[in-house]
Visitor: 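Here it is: the structure, laid out below.
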Amino acid sequence: MPAKDGSITEAEFTSQVVRLFSLYGWKVCHIRPAKTANGWRTAYEGHAGLPDIIAARGGTIIMAELKVGRNKPTADQVQWLEASGSPVWRPENWDSILAIAKEGI
């Protein structure tokens, strides 16, 4: 379970969510950025701001943006969240995230 005091990084939190959903039989994806000669880039085609986690199980698809501390979604991320009805998850939401991983939505 992640720390609820803000001491976890977003990368650590993301890894924990990926492992949790995998543990409960979800197919889960997180597209990580890679360092290039021009800085950090996340290579995919389409609109910017794709949520951090995409998980699927039994015909249900979940997308969620992950944030820690005072971090907030960017304008592009907000557009994705609004278009998809996806949540923002934070370490303090761990109990709800666990329930979704176990039971689905």
Side-chain angles (χ1 to χ4, degrees):
M1 179 167 135
K4 293 185 179 182
D5 65 358
S7 64
I8 189 171
T9 68
E10 202 160 292
E12 291 167 335
F13 181 43
T14 300
S15 291
Q16 290 179 343
V17 171
V18 167
R19 284 193 306 270
L20 175 69
F21 273 76
S22 294
L23 176 70
Y24 285 99
W26 294 80
K27 294 292 184 189
V28 62
C29 177
H30 170 67
I31 301 170
R32 296 183 306 208
K35 189 162 184 154
T36 70
N38 297 320
W40 290 92
R41 301 286 186 258
T42 304
Y44 65 87
E45 188 172 351
H47 295 95
L50 182 69
D52 289 316
I53 296 293
I54 302 169
R57 183 182 74 184
T60 298
I61 298 172
I62 295 173
M63 297 192 315
E65 182 62 33
L66 306 180
K67 296 293 180 192
V68 299
R70 295 178 190 232
N71 294 348
K72 295 182 179 180
T74 66
D76 288 332
Q77 290 169 337
V78 168
Q79 288 179 357
W80 264 100
L81 297 171
E82 289 175 352
S84 64
S86 299
V88 175
W89 288 343
R90 297 180 174 278
E92 55 268 26
N93 305 127
W94 188 255
D95 291 341
S96 296
I97 297 166
L98 176 60
I100 291 168
K102 285 181 178 180
E103 302 162 17
I105 293 180

Visitor: ring-ring contact (aromatic ring centres under 6.0 Å, His included) with W80: which residues, sequence neighbours excluded?
Guide: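 So W80 forms no ring-ring contact (aromatic ring centres under 6.0 Å, His included) with any residue.
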Visitor: Can you list every pair that meets salt bridge (charged side-chain N to carboxylate O under 4.0 Å, His left out) and has a residue in residues 59-79, with sequence neighbours left out?
Guide: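 Residue pairs with at least one partner in residues 59-79: E65-K67.
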Visitor: Going only through I, L, V, M, F, W and Y residues with side-chain contacts under 4.5 Å, is there a path from L81 to I97?
Guide: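 Different clusters.
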Visitor: Quick check for you: to the nearest 0.5 Å, what is the distance between H47 atom NE2 and Q77 atom CD?
Guide: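 Rounded to the nearest 0.5 Å, the NE2-CD separation comes to 15.0 Å.
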Visitor: To the nearest 0.5 Å, how far apart are CG in N71 and CZ in F13?
Guide: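 Between atom CG of N71 and atom CZ of F13 there are 11.5 Å.
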Visitor: Please report the shortest heavy-atom distance between R57 and I100, naming the atom on each side.
Guide: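 Taking R57 first and I100 second, the nearest heavy atoms are NH2-O, 4.5 Å.
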Visitor: For residues 23-38, which residue pairs pass the salt bridge (charged side-chain N to carboxylate O under 4.0 Å, His left out) check, not counting sequence neighbours?
Guide: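 Qualifying pairs: none.
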Visitor: Under a single-linkage definition using a 4.5 Å side-chain heavy-atom cutoff for Ile, Leu, Val, Met, Phe, Trp and Tyr, are L98 and I53 assigned to the same hydrophobic cluster?
Guide: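 Hydrophobic grouping puts L98 with I53.
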Visitor: Within the structure provided, determine whether W26 and V18 are in side-chain contact (heavy-atom separation under 4.5 Å).
Guide: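 No. Closest side-chain heavy atoms not under 4.5 Å.
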Visitor: Kindly indicate whether the side chain of I8, heavy atoms from C-beta on, has any atom under 4.5 Å from the side chain of Q16.
Guide: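 Yes, side chains in contact.
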Visitor: Is I62 reachable from V28 through a run of I, L, V, M, F, W or Y residues, each pair having side-chain heavy atoms under 4.5 Å apart?
Guide: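 Result: yes, single cluster for both.
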Visitor: Of all heavy-atom pairs between S84 and M63, which one has the smallest distance, and what is that distance?
Guide: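 Heavy-atom minimum between the residues: CB-CE, 3.4 Å.
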Visitor: Check the hydrophobic clustering (I, L, V, M, F, W, Y; side-chain heavy atoms under 4.5 Å; chains of links allowed) and say if W89 and L23 are grouped together.
Guide: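 Same cluster: W89 reaches L23 through Ile, Leu, Val, Met, Phe, Trp or Tyr contacts under 4.5 Å.
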Visitor: Determine whether W94 and L20 make a side-chain contact, defined as any pair of heavy atoms from C-beta on separated by less than 4.5 Å.
Guide: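 Yes; the side chains approach each other to less than 4.5 Å.
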Visitor: Establish whether V68 and F21 are linked, either directly or via other cluster members, by ILVMFWY side-chain heavy-atom contacts under 4.5 Å.
Guide: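 Yes, V68 and F21 fall within the same hydrophobic cluster.
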Visitor: Write down the atom of N93, the atom of V88, and the distance for their closest heavy-atom approach.
Guide: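 Looks like OD1-O, 3.9 Å.
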